[in-house]
Amino acid sequence: MHAYRTHTCGELRKKDVGTRARLSGWVNRRRDHGGLIFIDLRDHYGITQCVVEPDSPAFATVDKARSEWVLTFTGHIEARTEDTINPDMPTGEIELRIDEASVQGTASDLPVPVFGDLEYPEETRLKYRFLDLRREKLHKNIILRSKIISSVRRRMIDQGFMEYQTPILTASSPEGARDFLVPSRLHPGKFYALPQAPQQFKQLLMVAGFDRYFQIAPCFRDEDARADRSPGEFYQLDIEMSFVTQDDVFAAVEPVLHGVFEEFAEGRKVSPAPFVRIPYEESMLKYGVDKPDLRNPLIIADVGSVFDREDVAFKAFKNKTVRAVPAPGAASQPRSWYDKLEAWAKTEQGAAGLGYIVFEDKDGVLTGKGPIAKFLPPEAQAELAKIVGLKAGDAVFFSANAKKDRAAALAGQVRIKLGRDLGLIDDSKFEFCWIVDFPMYEWNEDEKKIDFSHNPFSMPQFDREKFLALDPADQDTILGIKAFQYDIVCNGIELSSGAIRNHDPDVMLKAFEIAGYKREETEVKFAGMLNAFRYGAPPHGGTAPGIDRMVMLLAGVDNLREIILFPMNQRAEDLMMNAPSEATLKQLRELHIRVVKPEKE
RNA sequence: GGGGGCGUAGCUCAGUUGGUUAGAGUGACGGCCUGUCACGCCGUAGGUCGCGGGUUCGAGCCCCGUCGCUCCCGCCA
């Protein structure tokens, strides 16, 4: 007989009755009836009830066992009597009658109990992560993560992609997030950087002729955390393809994402491929964000024209961008509901206010009520109702601002809040869409200059010769240029960002020049890539869906720590391993590093 | 860097207008219990009320500061 087990704790069934079996696992739960002791023994695969009576030679050992001790039990599998069968357990028809027991490991009092699903403080859970990981929910989430990643790999390989590894110790990337730096021992004063993404490497792979690349790639960015953004490190399904148009990339990625989501949806609906494509500008108008949650049925409308009518005298909205968010059925809400929303808009969104009109049926005529309704004569109210699509019993909220972007953004936040507060979001669905035609550049108000709005490596949607001839002073034209740049969004979460890349060195130099980088500067910063593009570069493009966010969506959790094995806390500390920690003097000396701590005030 | 929320037993939480010895449930430990599966019953231990200062005859409660956790903004090509 094997030293530790003949079966796992999840596999014994009625057909095994009479078998002599050996099980090893943790004490999930102990029930002591004086003479009779039940132990639920748990391993990765399941739980099996084991029972011992005082006449067994194993009784003394079992009697002293406590929660989470690791034990090995040997005995015969017996059928449970009709009235003691537990239909809630896969192994509930049988039990193991213990006649040999040995202790493989004892356990101290538990700071986090494994049995049960009581909430525990995040700090304790992180410090004792190995205990937390034994708990049913987290254990299940991590298994789900593994299965999702396997499925992704299989689907990518089936589509002719190959997985390649790219360096972890590499060069600092000149754009984007803050880098993690690694000091070089051999080169005093010089540093490697951890990759923010394998962006340049995957493009170089295309230049090297590998055609269809993917990698479950670790990415490192030294930026502050959020609930859906790990501090420091995360994983992307990094993808790049040669000789492709935007549509080819979509056609390659859609079946993978759709397939994976269908596979793990467990009854939830997944929007069919091809996914809806929404131009950036349309998304900003209708949803007020570039990552719309399409489960939310509300559509924002531009109603500036209504407030600019000569018969409308509401000065606060004149000559401004005014966006309207419908609130179907909200007429029945009490005044306090509207007051609360306005307070939310002012405090949390920094809005000047949040105007609204409630529409009711008055003798067959749709009539507006509320603080600003009186500024709109019946004709203007009718026009408003028509544009927004309002009926009696609905309300409408207004977001007005001299700056178009600000008006759109507040409307977007109002739309999200109304969708939630009015219970309009069906959480049994996964709604995918592509956001396309992102602007290539944007105006940086602080520095009064033109910036890349997203990925500086994207190909502009502009005639090559005309692009090369652009005068940086021609701001209107430049700010109107779109890029072959696209995002995948699911349920209001940005899953990935991608682009058809700029593989033309002249266009690239020009693109950076427009964003304020001198040609010589670009030549130095992107020497590797520019140089490669001068030796025959294929047109190429790709994208990089976030693995962690995919798993979050499929696991139905709203925090990354529920789907990552050993996460750091919000301050980027690993409480279990004590990272970061100080280096020894010897280590620092070898690295030619001297620590200068910030002065405390 | 900024803003919000939270901080009372290992854990989840209660604690009245500032007033006697700070409670409950759960977990731990001990006892009883031969069919439980959130077993049951009885008992015991367990507290710097995050920390420091202040107001007061008296502070878990009020004030100031500070620390920790968390969520958000900035940031994340």
Side-chain angles (χ1 to χ4, degrees), chain A residues 28-42 47-56 59 64 66-68 78 80-89 91-92 95 97 107-128 131 173-179 196-197 199-200 219-232 234 344 347-350 409 413 438 440-442 446 451-458 483 485 487 494 497-499 501 511-512 515 517 525-526 544 546 558-559 561 569-571 573 575 598 600:
Chain A
N28 194 58
R29 193 76 177 146
R30 179 178 181 278
R31 289 179 297 280
D32 184 351
H33 288 244
L36 183 72
I37 300 173
F38 294 101
I39 300 265
D40 290 339
L41 201 66
R42 183 196 73 241
I47 294 176
T48 299
Q49 174 167 288
C50 305
V51 61
V52 70
E53 291 184 37
D55 55 359
S56 165
F59 186 82
K64 70 181 181 196
R66 291 292 178 267
S67 286
E68 297 307 309
E78 296 184 350
R80 296 205 207 175
T81 58
E82 198 66 31
D83 57 324
T84 59
I85 285 173
N86 185 344
D88 298 331
M89 291 171 72
T91 62
E95 63 195 5
R97 185 152 302 255
S108 310
D109 264 10
L110 302 168
V112 181
V114 176
F115 172 78
D117 63 348
L118 282 174
E119 301 247 337
Y120 262 70
E122 198 78 45
E123 201 176 353
T124 316
R125 292 180 57 195
L126 289 174
K127 187 167 177 192
Y128 297 95
L131 288 178
S173 130
E175 280 284 320
R178 199 175 292 116
D179 285 314
Q196 295 181 21
Q199 179 66 38
Q200 295 189 64
C219 305
F220 306 89
R221 295 176 192 174
D222 189 3
E223 295 292 350
D224 291 345
R226 289 287 183 279
D228 65 347
R229 203 169 77 205
S230 296
F234 59 96
W344 163 84
T347 56
E348 292 190 40
Q349 302 299 324
Q413 294 305 313
F438 276 83
M440 182 86 187
Y441 299 103
E442 65 189 13
D446 294 337
D451 271 350
F452 287 111
S453 72
H454 286 81
N455 186 328
F457 302 119
S458 303
Q485 158 90 39
D487 282 1
E494 183 194 317
S497 194
R501 320 296 173 185
F512 275 83
Y517 297 86
K525 282 184 171 172
F526 297 98
D558 52 16
N559 194 300
R561 290 186 291 267
N569 67 8
Q570 198 172 30
R571 299 191 357 164
E573 295 164 317
L575 298 176
K600 275 204 173 172

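Everything quoted here is computed from the prediction, not taken from an experiment. Chain identifiers are assigned alphabetically (A, B, ...) following the order of the sequence lines, protein sequences preceding nucleic acid strands; residue numbering begins at 1 within each chain.
Looking at which nucleotide of RNA chain B each of A/Tyr120 and A/Val51 is closest to, the 5′-most match is held by A/Tyr120. Both A/Ser67 and A/Arg221 lie near RNA chain B, and the one whose nearest nucleotide falls closer to the 5' end is A/Ser67.
When the C1' atom is compared between B/rA14 and B/rU56, the two are found 26 Å apart, to the nearest whole Å. Rounded to a whole angstrom, the distance from the P atom of B/rG47 to that of B/rA24 is 15 Å. If you take atom C1' in B/rC41 and the same atom in B/rU16, they sit 34 Å apart, rounded to whole Å. Comparing the P positions of B/rC61 and B/rG53 gives an interatomic distance of 14 Å, to the nearest angstrom. Spacing of C1' atoms, B/rU26 relative to B/rA9, comes out at 11 Å, to the nearest Å. Rounded to whole Å, the separation between the P atoms of B/rU20 and B/rG15 comes to 16 Å. Nucleotides B/rG2 and B/rA28 have their P atoms positioned 44 Å apart, rounded to a whole Å. Distance noted for atom P between B/rC11 and B/rG27: 15 Å (whole Å).
Atom CG of A/Asn455 is separated from atom CE of A/Met440 by 8.0 Å, given to the nearest 0.5 angstrom. The distance from the CD atom of A/Glu123 to the CG atom of A/Asn569 is 8.0 Å, given to the nearest 0.5 Å.
Here B/rU20 sits opposite no nucleotide as a Watson-Crick or G-U wobble pair (both hydrogen-bonding atom distances under 3.5 Å). Pairing of B/rC41, defined by two Watson-Crick or G-U wobble distances under 3.5 Å, is identified with B/rG31. Base pairing of B/rU55 is not made with any nucleotide, judged by Watson-Crick or G-U wobble geometry with both donor-acceptor distances under 3.5 Å.
When rounded to the nearest whole Å, the span between NZ of A/Lys64 and P of B/rG30 equals 13 Å. Taking atom CG of residue A/Leu110 and atom C1' of nucleotide B/rU26, one finds them 14 Å apart after rounding to whole Å. In this structure, CD of A/Glu82 is placed 17 Å from C1' of B/rU36, rounded to the nearest angstrom. The CG-C1' distance, from A/Asn86 to B/rA38, rounds to 12 Å in whole Å. Residue A/Leu36 contributes atom CG, which lies 12 Å from atom P of B/rC37 at whole-angstrom precision. With rounding to whole Å, A/Leu118 atom CG is found 15 Å from B/rA28 atom C1'. With rounding to whole Å, A/Ile47 atom CD1 is found 13 Å from B/rA38 atom C1'. A/Asp88 has its CG atom 9 Å from the C1' atom of B/rC37, to the nearest Å.
Residues satisfying the ring-ring contact (aromatic ring centres under 6.0 Å, His included) criterion with A/Phe438, sequence neighbours excluded, are A/Tyr280, A/His454. Judged as a side-chain hydrogen bond (donor to acceptor under 3.5 Å, both in side chains), and not counting sequence neighbours, A/Ser108 has no contacts. By the side-chain hydrogen bond (donor to acceptor under 3.5 Å, both in side chains) test, A/Asp228 pairs with no residue at all, sequence neighbours left out. With sequence neighbours excluded, the residues satisfying ring-ring contact (aromatic ring centres under 6.0 Å, His included) with A/Phe38 are A/His33.
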For nucleotides 39-45 of chain B, which of its nitrogen or oxygen atoms have a protein nitrogen or oxygen under 3.5 Å away, and what is each distance?
{"from": "B/rC39", "atom 1": "OP1", "to": "A/Arg29", "atom 2": "NE", "distance (Å)": "2.4"}
{"from": "B/rC39", "atom 1": "OP1", "to": "A/Arg29", "atom 2": "NH2", "distance (Å)": "2.3"}
{"from": "B/rC39", "atom 1": "OP2", "to": "A/Arg29", "atom 2": "NE", "distance (Å)": "3.2"}
{"from": "B/rC39", "atom 1": "N4", "to": "A/Asp32", "atom 2": "O", "distance (Å)": "2.4"}

List, with names and distances, any nitrogen or oxygen atoms from the protein found under 3.5 Å away from nitrogen or oxygen atoms belonging to nucleotides 69-73 of chain B.
{"from": "B/rC69", "atom 1": "OP1", "to": "A/Glu573", "atom 2": "OE1", "distance (Å)": "3.4"}
{"from": "B/rC71", "atom 1": "OP1", "to": "A/Asn559", "atom 2": "ND2", "distance (Å)": "2.7"}
{"from": "B/rC71", "atom 1": "OP1", "to": "A/Arg561", "atom 2": "NH2", "distance (Å)": "3.0"}
{"from": "B/rC71", "atom 1": "OP2", "to": "A/Gln570", "atom 2": "NE2", "distance (Å)": "3.4"}
{"from": "B/rC72", "atom 1": "OP2", "to": "A/Ala227", "atom 2": "N", "distance (Å)": "3.1"}
{"from": "B/rC73", "atom 1": "OP2", "to": "A/Arg226", "atom 2": "NE", "distance (Å)": "2.7"}

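A/Arg31 has a carboxylate O that lies under 4.0 Å from a charged side-chain N of A/Asp40, or vice versa, which qualifies the two as a salt bridge.
For the 3.5 Å distance criterion, the side chains of A/Gln196 and A/Asp179 qualify, holding a donor opposite an acceptor.
OP1 or OP2 of B/rC11 has not a single side-chain nitrogen or oxygen of A/Arg125 nearer than 4.0 Å.
Of all non-hydrogen atoms in A/Glu68 and A/Leu110, the two that sit nearest each other are CG-CD1, 3.5 Å. Across A/Ser458 and A/Gln485, no two heavy atoms sit closer than the pair OG-OE1, 2.8 Å.
Picking from B/rU36, B/rC76, B/rC29 the nucleotide with the shortest atom distance to the side chain of A/Arg229 gives B/rC76. Counting only heavy atoms from C-beta on, A/Glu223 has its side chain closest to B/rC75 among B/rU34, B/rU36, B/rC75.
Relative orientation of the A/Phe512 and A/Tyr517 rings is perpendicular, given thresholds of 30° and 60° on the angle between their planes.
Within the 4.0 angstrom heavy-atom criterion, base atoms lie near A/Arg97.
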